[in-house]
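Structure, as C-alpha cells:
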Protein chains: 2
Amino acid sequence: MKATVPVTVAGLKTACSQCNLVELCLPFGMSENELDRLDELVGARRKIKRQQNLYRAGDPFEAIYAIRAGSFKTDVLLEDGREQVTGFQMTGEILGLDGISTELHSCNAIALEDSEVCVIAYAKLEELSREVEGLQHQFHKVMSREIVRDHGVMMLLGSMRAEERLAAFLLNMSQRFTARGFSAAEFHLRMTREEIGSYLGLKLETVSRAFSRFQDEGFVAVQQKHIRILDNAGLKRLIQHQPCGR
Amino acid sequence: MKATVPVTVAGLKTACSQCNLVELCLPFGMSENELDRLDELVGARRKIKRQQNLYRAGDPFEAIYAIRAGSFKTDVLLEDGREQVTGFQMTGEILGLDGISTELHSCNAIALEDSEVCVIAYAKLEELSREVEGLQHQFHKVMSREIVRDHGVMMLLGSMRAEERLAAFLLNMSQRFTARGFSAAEFHLRMTREEIGSYLGLKLETVSRAFSRFQDEGFVAVQQKHIRILDNAGLKRLIQHQPCGR
DNA sequence: CGGCTGATTGAAGGTTTTCAACTTTTGTGG
DNA sequence: CCACAAAAGTTGAAAACCTTCAATCAGCCG
C-alpha cells in the first residue's frame, strides 16, 4: 500500500485502480488518471454476513455501495407484511441509489451470502464527480441502467406468464454470471424459491412447478439451487412465442 | 427577452427562472443564481401532438425533456407485439433518462394529448452540473426518484391484486394532480383503459370491471375518463387490507 | 441424528383472462 | 351540423392460469 493513501480501519482501504471488478463497476470506462482520483473516494470496505441488512428502508442515506464480493437482494415491504423483491445484485453492481431522492433509503438491502461492499460516501461522490468528468458520466450511466433494468422487470411482471418470467430470469442470471467470468450454463442461485417468486410476482410453488416443467422439457437440469442450462435457445423461444397471460 | 440570450427558433427560448413549474421540475430547490445559469441550459421547446412520439426505442439519445404542458406515456414493446406501459408523466416531470445508459433510448415516449416539452441537451446538462452544485444534486434526485417510483410499480405488479392496483393508481394520480394545483377529487384521465391496464398488468376488461365495482361500492364516480373520488380513505384501505393475490 | 428450513407435488379453488356481444363516445366528412 | 364509422368502454359467461392448502421429500446445521 502506498504511503500517500490514508490508512483506514485495518488497512481495508480499497483501491479501484487495483480491483479486478473495474469493468463491471462504477469505474468502468474511466481513464488511468481518473481512476487514481477515484481511489480517494472509495472508503473502507464493509463485510455483511448472510441474511444481514446492508441498510433498511428508512435509514438515513449517506453512501452508496459497490459489491466487492457476494450478492444481495433488495426488497420493499407493504404494511401488511407483503414483500416485493425489487432486485438481486451481484459483484460490481451498485446498491443504495434509491436513497438519493429523499435522503432516506426506501428499500431494504439484504445479503444473500456473506458479502463485502465498498462504501462510497455520497457527498464525496458528488464532489468528485464535479471534477472528474468520467466519473460523473459513469455514475449517470449506472443510474440510468438501473432505470432501464426496472422497466424490464415491469415488462416481466406486467406482460409475461409464469414460465416466461422464470425463463427470462434464468437467462438474465446466466448472462450476468458470464459477465463475471463464470459459466453461462451452470450456476448456483443464492436465493430461495420464495425470493425468486417475490421478484417475479409468483408464489414459490409456481416457481417450483415451472422449474420442474423446464426440467421435464429438457431446458434445464435443476437440483435445488444448482442450475444447469441445457437449451438456452429453447428458453429464449419460450419468452417470445407464448400466447399471452394477462 | 434579454439581448444576451441567444435567439432560437421563433423566440421559443425557455427560461426556467420564469416558469411556474419550477417546484415540480428539475430546478426545484435551486438558488436564484443557480436558476439563472440553468436558463443557459434549456433549449427550445418542442410541441408534440397527441399520439405522436417524443422519441422511440432505438433513437439516439441526445437530450432529456421536461414536460412543460400536457402528458405522456412511456412504453416498452416485446418483439411479439406485447406492450408494457412503464409510466405516465405529467407536467414538470422528466422524460428520457432511460437513454443515458446506452446512449440510445430504450423505450417509447408518446404524448397522451397535445403537449410541449423543454429540450435539455444532455451534454450541456452534464457540463453545467459540474459547475452548478444545486443542479447536479437535483438531477441526481430526479433519477433516484424515478428508481424509487419504479420499485413502487414493481410492488403493484408483483404483489397486489387487480382492485388494489387500480386503487393505488387512482390515489397516485390524485396526488399528482393535487401537486399541480388541480382538484384531488375530480380529474380527467388522459389514457385509455387499455393503457391503464398495460401499466397495471391487467387486461382492459379487468380495469373496466374494477372501475365499475369501485363505483358500485361508492368509492368513486366514473364517467368514462372523468373520475371523481368519493371515498379517498376507502381506496387507501383497499390497498392494505386485502387477502393477497399472487 | 434430529429438527428445521427449503423444495416438490397434487388437488381444489379463486382471480383474471378470453371471447363475445353490446353500448357509448369520438372523430371525420359530407 | 348531422351522420356514420371507428374507437373506447362495459358487461356476461366460460376458460385458463396461478394460488391456496396440504402432504411429502430433501438437504443442512448444530
Side-chain angles (χ1 to χ4, degrees), chain A residues 49-51 73 81-85 112-114 156-167 169-170 188-217 220-227 238 242-246, chain B residues 49-51 73 81-85 110 112-114 156-167 169 188-217 220-227 238 242-246:
Chain A
K49 284 228 164 296
R50 181 163 177 277
Q51 301 282 39
K73 70 168 176 180
R82 279 181 276 181
E83 176 197 30
Q84 176 66 37
V85 170
L112 294 174
E113 59 194 304
D114 292 357
L156 265 177
L157 293 171
S159 306
M160 291 169 116
R161 358 189 5 173
E163 294 190 3
E164 296 178 283
R165 295 184 204 184
L166 188 64
F169 170 74
L170 289 175
H188 192 84
L189 298 174
R190 311 317 298 224
M191 64 294 283
T192 66
R193 298 288 189 263
E194 188 167 16
E195 287 165 331
I196 297 172
S198 172
Y199 180 63
L200 298 177
L202 303 168
K203 290 295 161 192
L204 67 95
E205 295 95 329
T206 309
V207 174
S208 184
R209 273 185 253 272
F211 268 126
S212 300
R213 266 208 70 200
F214 285 178
Q215 178 145 259
D216 293 347
E217 313 236 317
V220 295
V222 183
Q223 208 161 25
Q224 309 281 129
K225 291 184 157 122
H226 193 87
I227 307 289
L238 245 178
Q242 208 125 335
C244 184
R246 51 198 33 158
Chain B
K49 283 229 163 296
R50 179 162 178 276
Q51 302 283 37
K73 69 169 177 181
R82 278 180 277 181
E83 175 198 30
Q84 176 67 37
V85 170
I110 297 143
L112 293 174
E113 58 194 306
D114 292 356
L156 265 178
L157 292 172
S159 306
M160 291 168 116
R161 356 193 2 178
E163 294 189 3
E164 295 179 283
R165 296 184 204 182
L166 188 64
F169 170 74
H188 192 84
L189 298 174
R190 311 317 296 226
M191 65 293 283
T192 66
R193 299 288 189 264
E194 188 167 18
E195 287 164 333
I196 296 171
S198 171
Y199 179 63
L200 298 177
L202 303 168
K203 290 294 163 195
L204 67 95
E205 294 95 329
T206 309
V207 174
S208 183
R209 274 185 254 270
F211 268 125
S212 298
R213 267 207 69 200
F214 284 178
Q215 178 145 259
D216 292 349
E217 314 236 317
V220 295
V222 184
Q223 208 163 24
Q224 307 283 128
K225 292 183 155 123
H226 194 87
I227 308 289
L238 245 179
Q242 207 126 336
C244 185
R246 51 199 33 151

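Owing to the predicted nature of the structure, the values given are computational and were not obtained by experimental measurement. So you know, we letter chains A, B, ... as the sequences are listed, proteins then strands, and number each from 1.
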How many whole angstroms separate atom [atom1] of [X] from atom [atom2] of [N]?
X	N	atom1	atom2	answer
Leu202(B)	dC17(D)	CG	P	17 Å
Leu166(A)	dT8(C)	CG	C1'	14 Å
Lys203(A)	dC18(D)	NZ	P	14 Å
Phe211(B)	dT10(D)	CZ	C1'	12 Å
Arg165(A)	dT19(D)	CZ	C1'	13 Å

A side-chain contact here means heavy atoms from C-beta on lying under 4.5 Å apart; do [X] and [Y] qualify?
X	Y	value
Lys225(A)	Thr192(A)	yes
Ile196(B)	Leu189(B)	yes
Arg165(B)	Leu202(B)	yes

Between Val207(B) and Arg209(A), which has a closest nucleotide on DNA chain D that is more 5'?
-> Val207(B)

Between Gln224(B) and Thr206(A), which has a closest nucleotide on DNA chain D that is more 5'?
-> Gln224(B)

Test Leu166(B) against Phe211(B) for side chain to side chain contact (heavy atoms under 4.5 Å, CB included), laying out the working first.
-> CA-CA 8 Å; Leu166(B) 188 64; Phe211(B) 268 125; 4.0 Å; yes

Given the rule in the salt bridge (Lys or Arg N to Asp or Glu O under 4.0 Å) test, do Arg50(B) and Glu113(B) qualify, once you have shown the distances and angles that lead to the verdict?
-> CA-CA 4 Å; Arg50(B) 179 162 178 276; Glu113(B) 58 194 306; over 6 Å; no

Scan Ser208(B) against the nucleic acid and name what it touches under 4.0 Å (heavy atoms): base, sugar-phosphate only, or nothing.
-> base

For the helix from dC1(C)-dG30(D) to dG30(C)-dC1(D), measure the angle between the helix axis at one end and the axis at the other, each built from five pairs, rounding to 10°.
-> 50°

Salt bridge check: are Glu163(A) and Arg209(A) linked by an N-O gap of less than 4.0 Å?
-> no

